[in-house]
Every structure is written in structure tokens, then in C-alpha cells.
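Proteins get letters first, then strands, A, B, ... in listed order; numbering begins at 1 in each.
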2 protein chains.
Amino acid sequence: MVSAAEQSLGVLIRKLESIAPLSPEERQALARLPFTVRMLSPGQDIVREGDRTTQCCLVVQGWTGRYRLLTRGRRQIFSFHIPGDIPDLESLHRPVMDHSVASLTKTMVALIPHENLRELTASHPGLASAFWRSTLVDGAIFRAWMLGLGRRSAFEHMAHLFCELYLKLRAVGLAGDGRYPLPITQVDLGDALGLSNVHVNRVLQVLRGQKLISLHSSTLVIEDWAALVRISEFDPAYLGLEKQAVL
Amino acid sequence: MVSAAEQSLGVLIRKLESIAPLSPEERQALARLPFTVRMLSPGQDIVREGDRTTQCCLVVQGWTGRYRLLTRGRRQIFSFHIPGDIPDLESLHRPVMDHSVASLTKTMVALIPHENLRELTASHPGLASAFWRSTLVDGAIFRAWMLGLGRRSAFEHMAHLFCELYLKLRAVGLAGDGRYPLPITQVDLGDALGLSNVHVNRVLQVLRGQKLISLHSSTLVIEDWAALVRISEFDPAYLGLEKQAVL
DNA sequence: CGTTGTCTTGACTGTTATCAATTGACGTGG
DNA sequence: CCACGTCAATTGATAACAGTCAAGACAACG
């Protein structure tokens with residue numbers, strides 16, 4: 001049996017190792033972090049726009065997303081966050097949130113006080129640098145999404161997202177063999193892609209019809225990686241991952 | 001007569017002061033930076049996607065933008081950068097560019113070697129923090145643009161951008177009195193907003209027709225700030241500026 | 001076994017893109 | 001000073017992509 005705190009530490013280490021190798025001292029320092037674990041059902045806010053935060057939130061199980069709302073029920077999701085991610089890492093330097101973070105699935109998060117993260121990064125510059133690089137990769141992903149929102153068709157945009165998610169999940173061991181769990185609703189997908197749920201549904205049907213992907217019980221199977229990459233003009237450089245054969 | 005290097009220092013100091021007050025020591029350290037000045041005509045690339053950089057680029061005069069291209073001539077501009085901004089500051093930590101930076105107008109830039117910036121931030125944590133905050137604000141602006149690209153109408157989105165630009169320019173003394181220079185083409189505006197140039201033109205006509213703005217010889221005049229804020233649901237919190245009366 | 005949320009489908013609407021042509025502004029050189 | 005060239009802005013006509021509304025099917029879960 002693995003305790004929740006051990007699991008939190010595990011996903012965090014796995015994520016950081018996907019950015020840079022960790023020294024034994026760095027691992028020990030991470031192990032001393034106090035993780036306060038919380039379970040969430042889908043659709044619960046973890047932090048809200050306008051909140052002044054004093055802790056960060058590490059995703060341990062499930063998916064979360066950052067988002068903002070507009071009038072008339074419009075929502076834009078800015079990013080998906082998977083185990084190992086710290087969606088509100090920026091709150092360390094800008095404590096007042098300009099957006100919200102919510103669970104998209106059943107989720108386990110571990111809360112870590114800013115204080116402890118500050119000590120950690122002050123005494124371990126290598127970890128500070130890994131956290132910063134992770135923030136910059138998030139920024140690169142924002143730009144990739146902007147390109148999709150502004151200039152790709154719904155079809156290309158969705159194909160691009162599925163490529164991105166595959167590499168992101170695989171980097172932390174949550175995908176492989178051309179498949180991964182996609183535990184979110186079509187509404188969430190639409191709010192990330194800037195599309196209506198109806199249109200998401202139709203575009204998914206085309207992607208399946210063209211044998212690019214298939215979906216069975218919330219598992220996405222990539223049936224034709226090369227075609228997905230081609231039509232969405234996907235170039236993985238922005239994700240900052242080590243080069244690795246894809247399939 | 002002000003030398004180009006003095007002018008570079010001036011805009012940089014003004015920008016940093018809009019983020020955090022500077023100590024005399026910090027000013028002196030900034031003054032010791034070597035600025036290599038370059039003049040550019042509109043539409044020239046400063047750094048290109050894929051480049052491995054060894055210096056950063058400070059905008060001294062004119063506007064620049066970050067962008068990426070897709071097939072069929074599609075372009076998405078991710079951000080506008082005005083005097084005082086360092087569009088490729090992130091290259092300090094991720095030297096391989098995942099997008100390009102280009103001049104949008106006649107532009108003066110000052111190049112600063114990474115080396116010198118690293119020395120500067122290592123010996124002046126206050127400056128390091130100001131640079132990071134600036135990077136995080138850029139990230140917040142990305143999210144604001146994503147919201148516009150994904151979920152606002154063209155009309156709302158453009159109104160929102162005009163509000164944002166007013167506050168950004170005013171923060172460094174380049175706007176005031178409800179007006180500012182808007183020296184870019186409708187094509188550039190469209191590539192930032194995810195719209196065709198034709199549609200940009202038509203939306204501009206509506207904005208003028210409703211007496212929200214007017215445009216004379218590349219000067220944008222805000223005729224009805226309150227209405228712009230209302231229709232675009234503009235909330236300036238994300239820009240990280242000090243509170244200040246708007247008009 | 002019914003309730004609830006999610007997915008799916010059809011019909012229709014609307015925003016924005018595309019294509020093509022014209023007008024306008026500005027700088028240059030004769 | 002005017003003719004010309006160039007680039008940006010504007011206009012009109014048409015098409016395409018994606019949204020909205022409404023209803024029904026399906027599936028998970030208590």
C-alpha cells in the first residue's frame with residue numbers, strides 16, 4: 001500500500017525528472033515537503049479567480065484545468081493538467097489568481113505551502129530551474145493553443161491537441177503504445193478548443209471516420225500518428241521533451 | 001541629443017519601474033549593460049523559430065511581435081511588444097526559439113548578451129524577480145488572448161485588445177489622455193485577433209460607428225472607455241499594473 | 001430501475017472567411 | 001507640380017465553417 005503522501009512525491013519526482021535529472025539531495029529535499037492531500041469530485045474549483053493564495057496545488061491523480069468564465073455561460077479552458085503538474089505554480093510569484101483551477105475528473109491533489117516551496121527553491125537552484133522551465137513550457141503550450149484557436153480549423157486543432165496530450169502523458173509514464181486515457185467530457189474538450197460541444201462531437205466523428213483515432217471507454221487510441229502530425233502540422237519542439245521515437 | 005544606448009537604458013528602466021521600484025544600485029547595474037543597437041524596417045525577423053540564441057532583444061522604438069506561421073499563409077501573432085519589452089526574454093532559459101520575433105514598424109532594438117543578463121540577475125535578485133514577473137504577466141496576457149480567440153466575438157475581442165493596449169502603453173508613458181499611437185496594419189491586427197483583414201476592417205467600422213473609438217493617422221482615440229470595458233468584459237487585473245484612474 | 005449526465009443527430013442560423021475589385025494615402029522621381 | 005508605383009484600406013458578393021436549438025439515445029450509477 002502506497003500512502004497518499006508517497007504517491008504525491010512519486011508523481012512530482014517523475015515530472016521533474018522528465019525536465020531534468022535529480023540529484024539524491026534534491027530528491028531528499030522533495031521528500032521533506034509537507035503534502036496535504038485532498039480528494040475532489042469532477043467540476044470542483046481548487047482555486048478561484050481573485051483568490052490570494054498561500055499554497056500551490058500538485059495534481060496527483062486525475063485531470064485538472066485552468067479556466068476563465070465570460071457572460072452567457074462561455075468558458076475557456078487554458079490548459080489541462082495531469083499528475084505531476086502544478087497548475088498554480090505561478091501563484092508563488094503572483095499570489096492573486098487571474099483565473100481559476102478546477103478538477104475535470106475525480107482528482108487527488110496535494111497542497112504545498114508557498115513557504116516550503118520557497119525554501120526548497122532557495123536552497124536547491126537546480127529545482128528552482130526545473131520549476132521555471134516547467135512554467136516556460138506551459139507558456140509555450142499556451143502559444144500552441146493560441147495558434148490552434150486563431151488559425152487552425154477545428155479538425156486540425158483537435159488533431160494537434162491529441163498529439164500534444166500523447167507526448168505530455170507519455171513523458172510521465174501515463175501513455176504508451178499509441179494510447180492514453182482521455183477522461184474528460186466533450187464539453188470540456190470544446191471549452192479548451194473554443195468549440196461548441198455539438199461541433200466537438202462531429203469533429204470527433206470525422207477523426208474516427210478517417211481512421212486517425214478511435215475511442216473506447218474513455219481511452220483514446222492513435223490509429224495513424226503520421227497523419228495526425230501531418231494534418232495538424234504538429235512539431236513537438238515546444239514541449240521541451242527529450243527526443244524519443246514516437247511509435 | 002540622446003545616444004541610442006542611453007535611450008535603450010531609459011526605456012528599460014521605465015519598464016522595470018512599472019513593475020517594481022528600482023534601487024540606485026540596480027540602476028547602475030543596468031547602466032553597465034552593453035547595448036548593441038540595430039535599426040529595422042517593418043516586417044523584418046529579429047529571431048526565427050528554431051534559432052539557438054545567445055542574446056536577448058530589447059525593444060527601444062517601434063512595435064514588434066512574436067508569431068508563428070502555418071501552411072497557406074496563415075500567421076498567428078502571440079503578442080505585441082512595445083518599447084521597454086524584451087520579447088525573447090524566455091530565451092535566457094530556453095535558448096531554442098519555438099516561435100519568431102519580428103518588427104511590425106520601423107523599429108530600434110538593443111541586443112544584450114545572455115551572459116550579461118545572467119550576471120545581472122545573479123547579483124541583483126530584485127531585478128531577477130522583476131524580469132520573472134514580467135514573463136508571468138506575458139503569460140497572463142496569453143491567457144487573455146486565448147479567451148478572446150476562443151470565446152469572444154470579433155467585436156468584443158478587438159475592444160478588449162484596445163483596452164489592454166491602452167493600459168500597457170500608458171504604464172510606460174506611451175499613451176495618455178485616452179489616446180495612443182497604433183502603428184500597425186489591419187493585417188497584423190487580424191493575425192493577432194485570429195481574423196481576416198477584411199473582417200478586421202469591418203469590425204473597426206462598427207467600433208467607430210458606435211462611437212467607441214476613432215482613428216486618425218494611426219492614432220487610436222478611445223471615445224467611450226466605459227463602453228469598451230463593458231462590452232469586452234475587460235478586467236485589468238491580469239496586467240499586474242498598479243491601480244490608477246483610467247480617464 | 002429510474003435518474004442524471006453525456007453523447008448523438010437533425011434542422012437551421014449566423015459569424016467570419018474568401019475572392020475579387022476599387023479606392024485612398026503617401027513617397028519618389030521626372 | 002504632377003504622374004506613377006506601392007502598400008494599405010475599403011467594398012461587394014458569395015461560401016464555408018461552426019454555433020444554436022431541440023430532441024432523442026445511451027450509459028453509468030445509486
Exceeds 12 heavy-atom contacts within 6.0 angstrom, atom CZ of B/Arg208
yes
Integer-rounded Å distance: D/dC17 C1' and A/Leu193 CG
15 Å
In whole Å, what is the span from the NE2 atom of A/His157 to the C1' atom of D/dC17?
15 Å
Round to a whole Å and report the spacing from CG of B/Leu215 to C1' of D/dA8.
13 Å
Any side-chain N or O of B/Arg208 below 4.0 angstrom from OP1/OP2 of D/dA9?
no
State whether A/Gln205 places a side-chain N or O below 4.0 Å from either non-bridging phosphate oxygen (OP1 or OP2) of C/dC7.
no
Any salt bridge (charged side-chain N to carboxylate O under 4.0 Å, His left out) involving residues 149-169 of chain B? Give me the pairs, sequence neighbours left out, ordered by first then second residue.
A/Arg72-B/Glu156, A/Arg74-B/Glu156, A/Asp191-B/Arg151, B/Asp85-B/Lys168
For DNA chain C, which residues in residues 66-83 of chain B have a heavy atom at a distance below 4.0 Å?
none
Tell me the interatomic distance from B/Asn201, atom CG, to C/dA17, atom C1', rounded to whole angstroms.
14 Å
Hey, is A/Asp45 close enough to A/Arg48 for a salt bridge, meaning N to O under 4.0 Å?
yes
From OG1 (A/Thr53) to CD (A/Glu90), nearest 0.5 Å:
11.0 Å
Ignoring backbone atoms, test whether B/Gln186 places a side-chain nitrogen or oxygen under 4.0 Å from the OP1 or OP2 oxygen of D/dT10.
yes
Hits for side-chain contact (heavy atoms from CB on, under 4.5 Å) against B/Ala140, two or more places apart or cross-chain, chain-then-number order -> A/Arg94, A/Asp98, B/Arg143, B/Tyr238
Nearest-Å distance for atom pair CD/C1', residues A/Glu156 and C/dA17:
14 Å
For the CG atom of B/Leu147 and the CG atom of A/Leu149, what is their distance to the nearest 0.5 Å?
10.0 Å
Sub-3.5 Å pairs of nitrogen or oxygen atoms, protein against nucleotides 18-25 of chain D:
unit_1	atom_1	unit_2	atom_2	d
D/dA18	OP1	A/Ala154	N	2.9
D/dA18	OP2	A/His199	NE2	3.3
D/dA18	O5'	A/His199	NE2	3.4
D/dG19	OP1	A/Gly194	O	3.4
D/dG19	OP1	A/Ser196	N	3.1
D/dG19	OP2	A/Ser196	N	3.1
D/dG19	OP2	A/Ser196	OG	3.0

Salt bridge (charged side-chain N to carboxylate O under 4.0 Å, His left out) partners of residues 209-223 of chain B, not counting sequence neighbours, each pair once:
none
Run the side chain to side chain donor-acceptor pair (under 3.5 Å) check on A/Asp188 and A/Thr185 step by step: do they pass?
CA-CA 5 Å; A/Asp188 293 335; A/Thr185 67; 3.3 Å; yes
Non-neighbouring partners of B/Gln55 that pass side chain to side chain donor-acceptor pair (under 3.5 Å), sequence neighbours left out
none
Let me know the distance between CG of B/Asp188 and P of D/dA8, rounded to the nearest Å.
8 Å
How close or far is atom C1' of D/dA8 from atom NE2 of B/His216, stated in whole angstroms?
18 Å
